[in-house]
Amino acid sequence: MNGNQAETSALDAVNYDPMEHLNMLFAHPSAVSSIHQVSRTLKAHHNVLSSEINSLELEQAYKPDSSLERMRSAQTELAQLFRKIETVRSRAIETEQNITSMTAEIKRLDGTKRNLTLSMTALKRLQMLTTAYEQLRGLAKTRQYRECAGLLQAVIQLMKHFNSYRSIEQIATLSREVSELQRELLEQVCEDFEMAFAKSEVASKKNTLVEACLVMDALGDSAKSRIITWYVNTELREYRQVFRGNDEAGSLDNIGRRYAWFKRMMKTHEDEHASIFPSHWHVGELLATAFCDGTREDFKAILERSMRRGDGNKVDVNLLLSCLQETLDFEQSIEKKFSNEPRASIDTLSSAEEKAHNFNGLISVAFEPYLSLWVDLQDRQLASMIPRYRGQPLMPDDEEFSPQAVIPSAIELFHFYKLTLSQCARLSTSDRLLDLSKVLSKYLDEYAQQVLLHVLQAAGGPQSPSIQNAVLVLNTADFWHTNTNQLEENIKKRIDNELVSKVDFSCQSDAFLGVASAAVLALVHIVELDCEATWREMRNTNWSTMDTAGDQSSYVGELVTHVNTKTEEILGVVAKQQYARAFCDNLVEHLATAYINNIVHCRPISEVGAQQMLVDKYALTKSLGNLLSHHNPSSTQQTPPSGFVRRVEHSMNRMDPLLKTLQVRQSPPEALVQAYLIHIGDRSEINFKKILELKGIRKQDQSHLIELFGIHRDGSNNDKLVQNSSLLTPLTMTGGMTTSAGTNAGGAAAAAAAASGARFDTAFLGEKLLSAARDIGTTTGQSTEKATMNENLRNFGKFFRRDIGGLGARFGKGTGEDGQR
């Protein structure tokens, strides 16, 4: 019994789950035997439920208040409702028909009333138009213009209402009469103006003319334009007769008379005539515009005739500029005058009429095509200045040298550029300013080449330019390097926007940087010349017979003394830190190259001799690390900049592989070969022979070493060897002076010397500079055959800029790697 109740309650659950129910009934395998009993129970329960459902359905269907009876009742009520709706709809249609028939007569009466109103309005307007017309005709005859103006506006406004009735003969006739009256008024007013001005009765008839302008205003824009045009032509008639019909009065020499005449005429206009015309007509502006238009055309004709009579060089450029400047001043004055005139209030109808005339350039535009003559004049003036600058002394006799001094010609040229640019920018900001910028850039190149570089080349022979001259060139090149960039920016600010991209002075800036680098190299060469005797002492030492290596050789102390003395003298007059650093970097590079060259000339070199050279190199390296301390020295000991010390060590350590290889004895031969492969590290048999020659090994003893070198070089463990050593490959073992191509940044002149097989010589500075620039140009894809001096200067300047940047002393930058500016 309990099992049946549990089964029934489970079947009645809202969330019935058959699987859960089955698991509950058959929780154990032994319960499977009761399947038939459970099945019978479920069927019995199903039958009971079906019986209950049937009884409930019968009861619901046939009891007195059953759903079926309620449904029949609802259908009956719905049919009655539809009948009532149909009755209401038919009554509504009948009512609408009755209302329509009742209001039809009212609509007809409304239409009649509206048409009657329109007729009465038109008749009233016609009566007003006729009356106003008759009154206007009478007032016109008596010249009562103020009243005429008011009536005329009314007549014109009323006439617009009858435009659609012109098919009616009477209306058409009236329209023609109104138009004829308007024409008569226009002619009458024009006649009054003409008579008043012709008989000089403007003052006595001023009130009449003022009121007549009101009539012209009412007649419309065409009438107003006619009277203004007549007035302008009347006022300018004398001007045109005097200046256009007379070659002498109309020439450029008398341009001042034109503007003086206009000022007198404008004063007469303002004192006597301006008050006649309404302010919103802007008659003064229109009068000035007409004067400017006529004057511009006159100037164009005069200039064209001047050009046709002969070549353009016969035109007086100074007169042209004087006229143009006077014209610009005149345009500015009238622009200011009419810009300051009070305008109508913003809340009036006439406030929409803003100033429509811009007087700037209205006349001066006639001169612009001929400004090329002025640009040509500046070209000729600059062409005459460069030779003069080249022949001038670098410093006046009564002026003392200063480390910040600049060659006076550079200051003079700078002021000329500044004045010329300012003047041209006032005259034109378009193509002529661009032409001037090209002329300025051209003579910046000429100044760099013909003046500054000439100073460095002028010493001739074995002599270098003096320290003061080299520093003056360095300061001047730096001065123009900075101002060239500023000049470019100044022109870009003034020139028209579409031409900004065509202004470029970067080549000139690089050219001056190239001159600065040449000046630095000239200072380096001054030190080199002073050290020549010391190098001679090194070459005269017998390096093959030394038996012991001790302290530094005597020539090292002499070399250090010479270098420090000259460096202190040079750095004492080099103002800027970046150039002091560039000088020291180049000097170290050249000294390192000179040391390698002199090693070759000291052959044969024994193992002890090579060891002594290495000791000397260490002592020289330590001394060179303090070179920068000579620039702006202080009482306290300063630590050398770490970047410069690394630079010195890098340059001087280039010779270490050579000296370490020379320290190895000839016997056993494998030791020498292995030392070469370790320190030099290349596969070149020619370079290996150079080591043998430097050690002084006899020719008959070299063959075995060369054969042994080939065996070890081709061994499997030496696959990392380079083809040619950058240290030994440039060295030549002939009797002449040799060079090393191991120059780094700042050694462009030494690189040029290496390329030509001779030492850098200031006597041939220009040629060396060209060679260095060509080398640089080749790396940048430039044609060396077509390279000019200026192009090479620019490339050299770019190289120098890049070189100094790599050393941590960039031009115009802040603190570098050294911690110094």
Side-chain angles (χ1 to χ4, degrees), residues 520-521 524 527-528 531 534-535 538 549 551-553 555-557 559-564 566-568 571 577-600 610-631 637-663 675 678-681 722 725-728 730-731 739-751 754 802-810 815-820:
V520 169
L521 294 178
V524 170
V527 181
E528 284 188 304
C531 296
T534 307
W535 292 124
M538 175 186 178
D551 294 335
Q552 67 183 38
S553 303
Y555 77 91
V556 175
L559 180 63
V560 170
T561 299
H562 283 285
V563 170
N564 286 338
K566 277 296 178 183
T567 299
E568 183 177 2
L571 293 185
Q577 174 69 25
Q578 61 263 34
Y579 292 117
R581 172 64 187 271
F583 165 78
C584 292
D585 288 337
N586 279 274
L587 178 59
V588 169
E589 193 65 40
H590 281 246
L591 290 175
T593 301
Y595 198 96
I596 295 174
N597 294 337
N598 282 283
I599 288 175
V600 176
Q611 184 178 356
Q612 182 62 50
M613 285 184 176
L614 199 58
V615 172
D616 295 343
K617 191 271 301 184
Y618 288 141
L620 186 58
T621 300
K622 183 177 180 181
S623 175
L624 293 179
N626 295 317
L627 281 180
L628 269 178
S629 62
H630 297 298
H631 188 253
Q637 185 68 24
Q638 294 182 345
T639 303
S642 58
F644 179 69
V645 172
R646 289 196 297 270
R647 168 74 181 208
V648 172
E649 292 174 350
H650 173 77
S651 298
M652 298 299 294
N653 289 344
R654 287 191 291 115
M655 62 197 76
D656 283 3
L658 174 61
L659 295 177
K660 289 180 180 179
T661 304
L662 294 177
Q663 281 183 303
I678 292 172
H679 297 303
I680 304 299
V722 298
S725 167
S726 60
L727 174 64
L728 292 183
L731 296 181
T739 58
S740 172
T743 55
N744 202 339
R802 186 167 60 249
D803 175 35
I804 293 182
L807 301 177
R810 302 177 187 274
T815 304
E817 168 183 40
D818 307 337
Q820 297 184 12

Chemist: Among L591, V588, L587, find the residue that satisfies the side-chain contact (heavy atoms from CB on, under 4.5 Å) test when tested with S651.
Modeler: V588
Chemist: Considering only heavy atoms from C-beta outward, does the side chain of L620 approach that of V560 to under 4.5 Å?
Modeler: yes
Chemist: Please step through side-chain contact (heavy atoms from CB on, under 4.5 Å) for the pair I599 and L659, ending with a clear verdict.
Modeler: CA-CA 9 Å; I599 288 175; L659 295 177; 3.8 Å; yes
Chemist: Is any side-chain heavy atom of L627 closer than 4.5 Å to a side-chain heavy atom of N564?
Modeler: yes
Chemist: I'd like to check the side chain to side chain contact (heavy atoms under 4.5 Å, CB included) partners of E649; sequence neighbours left out, ordered by chain and number.
Modeler: T621, V645, N653
Chemist: Test of understanding: with side chain to side chain donor-acceptor pair (under 3.5 Å), list the residues that count as partners of Y555, not counting sequence neighbours.
Modeler: Y595, D616
Chemist: If you round to the nearest 0.5 Å, how far is OG of S623 from CE of M652?
Modeler: 9.5 Å
Chemist: Which heavy atom of P657 sits nearest a heavy atom of H679, and at what distance?
Modeler: CB-O, 3.4 Å
Chemist: To the nearest 0.5 Å, tell me how far E528 CD sits from L521 CG.
Modeler: 9.0 Å
Chemist: Once you round to the nearest 0.5 Å, how far does CE of M613 lie from CD1 of I596?
Modeler: 12.0 Å
Chemist: So do M538 and S553 actually touch side chain to side chain, heavy atoms under 4.5 Å?
Modeler: no
Chemist: Taking side chain to side chain donor-acceptor pair (under 3.5 Å) as the test, write out the residues that go with H562, two or more places apart.
Modeler: D530
Chemist: Considering non-hydrogen atoms only, spot the tightest contact between L614 and Q663 and give its length.
Modeler: CD2-OE1, 3.8 Å
Chemist: Looking at every non-hydrogen atom in both residues, tell me the closest pair between D551 and V615 and how far apart they are.
Modeler: C-CG1, 4.2 Å
Chemist: Closest approach of I680 and S725, non-hydrogen atoms and distance?
Modeler: CG2-CB, 3.7 Å
Chemist: By salt bridge (Lys or Arg N to Asp or Glu O under 4.0 Å), which residues pair with K566, not counting sequence neighbours?
Modeler: E569
Chemist: Any side-chain heavy atom of W535 within less than 4.5 Å of one from N597?
Modeler: no
Chemist: Which residues satisfy the side chain to side chain contact (heavy atoms under 4.5 Å, CB included) test with H631, sequence neighbours excluded?
Modeler: L571, Q577, A580
Chemist: Working to the nearest 0.5 Å, report the span between CZ of R647 and SG of C584.
Modeler: 11.0 Å
Chemist: Identify the heavy atoms of P640 and G625 that sit nearest to each other, and give their distance.
Modeler: CB-O, 3.2 Å
Chemist: What are the two closest non-hydrogen atoms of R654 and L727, and how far apart are they?
Modeler: O-CD2, 3.3 Å
Chemist: For D656, enumerate each residue passing the side chain to side chain donor-acceptor pair (under 3.5 Å) test, keeping only those at least two apart in sequence or located in another chain.
Modeler: K617
Chemist: How many angstroms lie between atom OG1 of T567 and atom CG of L628, to the nearest 0.5 angstrom?
Modeler: 9.5 Å
